[in-house]
Amino acid sequence: MKKLLRERLGNCLEGCRTDGSLTSGRIPEIVIEVPAHAEHGDFATNIAMLMAREEKKAPRKIAETIVSHLAGEDLFDRVEIAGPGFINFFLRKDVWHEALRAVAAAGDSYGRSLVGKGKRVQVEFVSANPTGPLHIGHGRGAATGDAVASILKAAGFEVVREYYINDAGNQMDTLGRSVHLRYLELLGRSIEFPADCYQGDYIRDIARDLVTKFGSKYQDAPAEEAIKVFAKLGGDVILDGIKRDLEDFGVVHDTWFSEQSLFDSGQVTKAIESMRAKGLLYEHEDALWFRTTDFGDDKDRVVVRGNGVTTYFASDIAYHREKFQRGFDWVVDVWGADHHGYVPRLKAVVQGLGRDPGDLKIILVQLVALQRDGVPVAMSTRSGEFVTLKEVVDEVGRDAARFFFLMRRSDSQLDFDLELAKRESTENPVYYVQYAHARICSIFENAEEKGLVPADFAGISLAKLETAEEMALIKFLDSFPETVEGSALNFEPHRITYYLQELAGLFHSFYNRNRVIGDDAELSAARLFLLKCTAQTLKNGLLLLGVSAPERM
RNA sequence: GCGCCUGUAGCUCAGCUGGAUAGAGCAACGGACUUCUAAUCCGUAGGUCAGAGGUUCGAAUCCUCUCAGGCGUGCCA
C-alpha cells in the first residue's frame with residue numbers, strides 16, 4: 001500500500017511541476033510513514049517540509065498545492081494538512097478491503113518480494129570448530145544465520161547457506177592430544193590430563209569408541225602418529241554430531257567448506273601471491289604482513305609467521321577471495337561478537353580484492369546468558385561446563401529455542417531462561433504467537449461444521465469489515481511485505497519476531513470483541529476471510545524464523 | 001592507552017534509518033469466562049530516552065565531549 005501511495009504521490013508531484021505550481025529542480029525521495037497516532041491518518045508524508053527550502057515557500061503552502069492536485073485520486077476518504085506541514089492520508093475502507101484480498105491471493109508467498117532479484121548471497125554461519133559439540137551460543141548463531149537466509153530468500157535473493165570447517169589449525173592437534181590421552185587412560189595407563197586439553201566428557205566417549213574399534217593398536221605407537229589419526233577421527237565424529245544437532249534444530253547448510261581444502265588446492269598460496277602482486281603485503285622481522293591499515297584497520301596483520309606457518313588470517317583471506325570468486329554479490333558472515341575486532345581487517349581484505357566493503361556483511365551475535373531458575377549457567381568449552389544446544393532443544397523444544405534466539409536484535413546480549421521458555425503461559429511470547437494461529441484454525445473447524453466457510457472466498461463481500469479491531473488487523477497485515485523487506489535489507493530477523501507478536505496481539509484483541517461465527521452469514525464470511533489472511537501471515541512469518549505454526553495446541 | 005558495541009518505564013527490550021503526544025512484554029494494581037481455545041482480553045500506574053553542548057522547521061535517532069558497563073587490542077583459532 002505504501003508503494004502504491006508513493007507512486008501516486010510521485011505522479012502528483014510531477015503534475016505540479018508540469019503545470020508550474022511547484023518549481024523545484026528535483027523532488028526529494030518520497031517518504032511515507034505510518035503515523036504513531038491513528039488520528040494522523042493511515043499514512044503521512046513530510047514531503048512538503050522537505051521541499052520548503054528549495055521552493056522558498058512555507059511547508060503548509062506547498063502541502064496545500066500538493067493536496068489540491070490530489071483531488072482526482074480515488075484512494076482517499078480525505079487528505080489533511082497537519083502540524084508544521086505533514087500531509088495525512090485517510091484511505092477509504094474499500095481500498096483496504098481490496099488490499100486484504102492480496103494476502104489471500106498470494107497465499108504461502110505472501111511477504112515475498114523481488115528486491116533481491118538477480119543477486120546471489122552466501123550466508124556463512126555457525127562454523128564452529130569441530131573440537132566439541134555446539135553450545136547454546138552457537139545455537140543463537142544458527143537461528144540467526146538460518147533466519148537471515150530464509151528472509152533474504154523471501155526478499156528475492158538467491159541464497160546459499162554455508163558452514164566453514166576450521167579443520168586446519170592448532171586446535172585439531174589439541175583435539176588429537178586430548179583424545180589420545182583419554183585413550184591411553186582407558187587402556188589403563190595413568191596419565192596427567194593437561195589444562196589446555198579439551199575437558200569435556202565427549203572426549204572420553206570418542207576415546208571409548210576408538211578403544212572398541214582399535215583395541216590397543218595405538219597404545220605403543222609413536223604419540224605423533226596416534227595424535228594425527230585421532231585428530232582426524234575425532235574431528236569427523238564431532239562434525240557428524242554437529243550436523244545431527246543442527247538438523248534436529250531445523251538448520252540445513254547447503255555447503256560445508258573445509259579450511260584444509262584451501263591449503264590442499266593451493267588457494268592459500270594463490271591468495272597470498274595475488275595480494276602480494278597488488279602490493280598489499282610486505283616483509284618485516286621475518287614475517288609477512290598485510291597492509292590492513294591502508295583500509296582503516298588499527299595496525300597491519302601478520303599473514304605468514306616468522307616460522308613460515310600461515311596464520312588463521314591467511315586462511316580467511318583465501319576463503320573470502322574464494323567466496324567472491326564463486327560469484328556471490330554479497331557475502332554474509334555470522335560471528336560471535338567477541339570476534340568484532342576482526343571486522344576491520346576482513347573489510348580490508350574485501351577492499352584488497354577490489355570489492356566494495358559493503359559486499360561483506362558481518363552480523364555479530366552477542367552472548368547468550370543462559371539461566372536456569374534465575375541462576376546463571378557457566379559456559380566454557382575448555383572446562384567442559386557448557387550447556388549444549390542439544391540439551392537446550394531437548395528441554396524447551398525447537399520452536400521455543402529458535403524464537404527466543406531471535407527475540408532480540410543480534411548485537412544485544414540475550415538472557416535465555418530455560419524455565420520461561422518452557423512455560424505455557426502469556427509470559428512466553430512463542431506460545432502467544434503460536435496460540436493465535438491455533439485459535440484461528442480452531443475457529444475454522446467450528447465454522448466448517450456449521451457450514452459457514454465459503455467454498456470460494458473470491459466472490460464474497462468484505463464491506464462489513466469495519467470495526468476498529470478489524471481495520472487495525474487489515475492495515476497491519478498489509479505491512480508484512482515491507483517488514484520482510486526491511487528485515488532482509490538490514491539483516492535483522494528480530495523485526496519479524498516483533499511483527500508476529502504485534503500481529504498476534506491484534507488478533508487476540510479482535511477475537512475478544514468480535515464474534516466470527518454468528519447469524520449474519522455475510523459478516524461471518526468476511527471475518528473468516530480476515531482470519532484466513534491473518535493465519536496465513538502468522539504462518540509465513542513463523543516459517544521465516546524456522547518456527548512451526550501448529551493448528552492445534 | 002587506543003578501538004568497537006551498549007546505555008530508553010522497577011525488569012527484559014522495540015523504536016520503521018530525522019518526524020507529530022516515546023512504545024510493547026513481564027512484574028504491580030483493578031476488571032472480563034452459561035459465548036468460536038481464559039495458553040486470551042480490557043483498564044490503571046509507571047519516563048530528565050545516562051549527562052552536557054551542537055547541527056535544523058523538528059533529535060531517543062546525526063556530530064563533539066563527559067560518565068558508566070561490556071568486548072577487543074596474539075607471529076592463537
Side-chain angles (χ1 to χ4, degrees), chain A residues 2 31 33-37 39-40 44-46 49-50 52-53 58-59 82-86 88 129 131 166 168-172 174 259 284-289 297-299 301-313 315-316 336-344 364 366-367 407-409 411-415 417 420 423-429 431-432 434-436 438-447 449-450 452 479 482-483 485-487 490 492 494-495 497-499 501-502 504-505 507-518 524 527-528 531 552-553:
Chain A
K2 242 186 213 178
V31 179
E33 294 191 312
V34 178
H37 303 279
E39 62 266 34
H40 292 139
T45 183
N46 61 353
M49 287 179 281
L50 294 180
R53 183 174 302 223
F86 290 103
N88 295 336
N129 292 347
T131 55
N166 294 119
N170 289 338
Q171 79 279 6
M172 294 312 291
T174 305
E259 180 186 1
H284 175 65
E285 292 179 350
D286 296 333
L288 190 63
W289 298 70
D297 198 4
D298 304 347
K299 49 192 274 194
R301 307 293 171 176
V302 172
V303 176
V304 182
R305 284 176 277 215
N307 63 8
V309 178
T310 59
T311 60
Y312 182 78
F313 183 47
S315 299
D316 258 346
D338 53 336
H339 288 70
H340 76 259
Y342 292 75
V343 173
L364 296 173
Q366 271 288 0
L367 289 179
M407 262 192 335
R408 305 274 173 257
R409 44 185 307 160
D411 55 14
S412 78
Q413 196 187 303
L414 173 71
D415 290 327
D417 194 306
L420 174 62
R423 211 161 294 160
E424 300 189 351
S425 74
T426 173
E427 297 162 68
N428 188 345
Y431 281 96
Y432 185 75
Q434 288 184 318
Y435 180 55
R439 223 178 192 183
I440 293 173
C441 292
S442 165
I443 293 170
F444 263 85
E445 260 181 47
N446 286 307
E449 279 174 24
K450 297 200 166 70
L452 286 170
S479 71
E482 66 203 51
T483 301
E485 206 173 295
S487 175
N490 292 283
E492 292 183 340
H494 76 276
R495 294 192 190 198
T497 320
Y498 274 91
Y499 177 90
Q501 289 179 81
E502 194 171 341
F507 162 71
H508 288 308
S509 295
F510 161 85
Y511 175 88
N512 274 274
R513 286 192 179 169
N514 302 271
R515 205 171 157 82
V516 178
I517 297 171
S524 286
R527 285 184 171 164
L528 282 169
L531 292 198
R552 205 180 283 253
M553 290 175 78

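As a basis for the values below, the full set of heavy atoms in this structure was taken, side chains included, without hydrogen atoms, waters or symmetry mates. Chain A is the first sequence line, chain B the second, and so forth, proteins listed ahead of strands; every chain is numbered from 1.
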Select base, sugar-phosphate, or nothing to describe what [X] touches, counting heavy atoms under 4.0 Å on all strands.
| X | result |
| --- | --- |
| A52(A) | nothing |
| F444(A) | nothing |
| S509(A) | sugar-phosphate |
| N514(A) | base |
| A436(A) | nothing |
| E39(A) | base |
| N88(A) | base |

Inset, instruction - Answer syn or anti for U8(B), where the cut-off is 90° from 0 on the glycosidic torsion. - result: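 Anti.
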Inset, instruction - Would you classify C67(B) as syn or anti? Syn applies when the glycosidic angle is within 90° of 0. - result: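 It is anti.
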Legend entry - Separation between CG of D286(A) and CG of N307(A), rounded to the nearest 0.5 Å: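 Going from CG on D286(A) over to CG on N307(A), the span is 10.0 Å.
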Inset, instruction - Rounded to the nearest 0.5 Å, what's the gap from CG on D316(A) to CD on E259(A)? Could you check? - result: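 Interatomic distance, D316(A) CG to E259(A) CD, rounded to 0.5 Å: 8.0 Å.
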For nucleotides 54-61 of chain B, print each protein N/O atom paired with a nucleotide N/O atom at under 3.5 Å, atom names and distance only.
unit_1: C57(B); atom_1: OP1; unit_2: R53(A); atom_2: NH2; d: 3.2

Polar side-chain atom of [X] near backbone of [Y] as donor-acceptor pair, under 3.5 Å:
| X | Y | result |
| --- | --- | --- |
| S509(A) | G505(A) | yes |
| R409(A) | H494(A) | no |
| N88(A) | A44(A) | no |

Legend entry - Derivation of the side chain to side chain donor-acceptor pair (under 3.5 Å) call for Q171(A) and T131(A): CA-CA 7 Å; Q171(A) 79 279 6; T131(A) 55; over 6 Å; no
Inset, instruction - To the nearest Å, give me how far apart CG (N446(A)) and C1' (C36(B)) are. - result: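 Spelled out: CG on N446(A) to C1' on C36(B) is 5 Å.
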Inset, instruction - Classify the angle between the aromatic ring planes of H40(A) and H37(A) as parallel (below 30°), tilted (30 to 60°) or perpendicular (above 60°). - result: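 Rings of H40(A) and H37(A): perpendicular, as their planes differ by over 60°.
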Inset, instruction - Using the six-membered ring wherever Trp is involved, compare the ring planes of F510(A) and F507(A) and label them parallel, tilted or perpendicular (cut-offs 30° and 60°). - result: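 Tilted.
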Inset, instruction - For RNA chain B, write out the stems as range with range, using runs of 3 or more consecutive Watson-Crick or G-U pairs with both distances under 3.5 Å. - result: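 Stems (3+ consecutive pairs) listed as B:1-7 with B:67-73, B:10-13 with B:23-26, B:28-32 with B:40-44, B:50-54 with B:62-66.
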If you restrict it to nitrogen or oxygen atoms, what contacts under 3.5 Å exist between nucleotides 9-14 of chain B and the protein, and what is each distance?
unit_1: U12(B); atom_1: O2'; unit_2: R408(A); atom_2: NE; d: 3.4
unit_1: U12(B); atom_1: O2'; unit_2: R408(A); atom_2: NH2; d: 2.8
unit_1: C13(B); atom_1: OP1; unit_2: Q413(A); atom_2: O; d: 2.8
unit_1: C13(B); atom_1: O5'; unit_2: R408(A); atom_2: NE; d: 3.4
unit_1: C13(B); atom_1: O2'; unit_2: R408(A); atom_2: NH1; d: 3.2
unit_1: C13(B); atom_1: O2'; unit_2: Y498(A); atom_2: OH; d: 2.2
unit_1: A14(B); atom_1: OP1; unit_2: R409(A); atom_2: N; d: 3.1
unit_1: A14(B); atom_1: O4'; unit_2: Y498(A); atom_2: OH; d: 3.4

Inset, instruction - Evaluate the side-chain proximity of R527(A) to L531(A): yes if any heavy-atom separation is below 4.5 Å, no if none is. - result: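 No - every pair of side-chain heavy atoms lies 4.5 Å or more apart.
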Inset, instruction - Report yes if the ring of F86(A) lies under 5.5 Å from the six-membered base ring of A20(B) with planes under 30°, and no otherwise. - result: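 Stack criterion met.
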Legend entry - Distance below 4.0 Å between N512(A) side-chain N/O and U35(B) OP1 or OP2: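 So the side-chain polar atoms of N512(A) never come under 4.0 Å of the phosphate oxygens OP1 or OP2 of U35(B).
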Inset, instruction - With sequence neighbours left out, write down each residue that passes side-chain hydrogen bond (donor to acceptor under 3.5 Å, both in side chains) with R439(A), or none if nothing qualifies. - result: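 For R439(A) the side-chain hydrogen bond (donor to acceptor under 3.5 Å, both in side chains) partners, ignoring immediate neighbours, are Y435(A), H508(A).
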Inset, instruction - State which residues pass salt bridge (charged side-chain N to carboxylate O under 4.0 Å, His left out) with D297(A); sequence neighbours excluded, sorted by chain then number. - result: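 For D297(A), the residues satisfying salt bridge (charged side-chain N to carboxylate O under 4.0 Å, His left out) (neighbours in sequence not counted) are R301(A).
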Inset, instruction - Going 5' to 3' through nucleotides 72-77 of chain B, assign each nucleotide B (protein heavy atom under 4.0 Å from a base atom), S (under 4.0 Å only from sugar-phosphate atoms) or - (no protein heavy atom that close). - result: SSSBBB
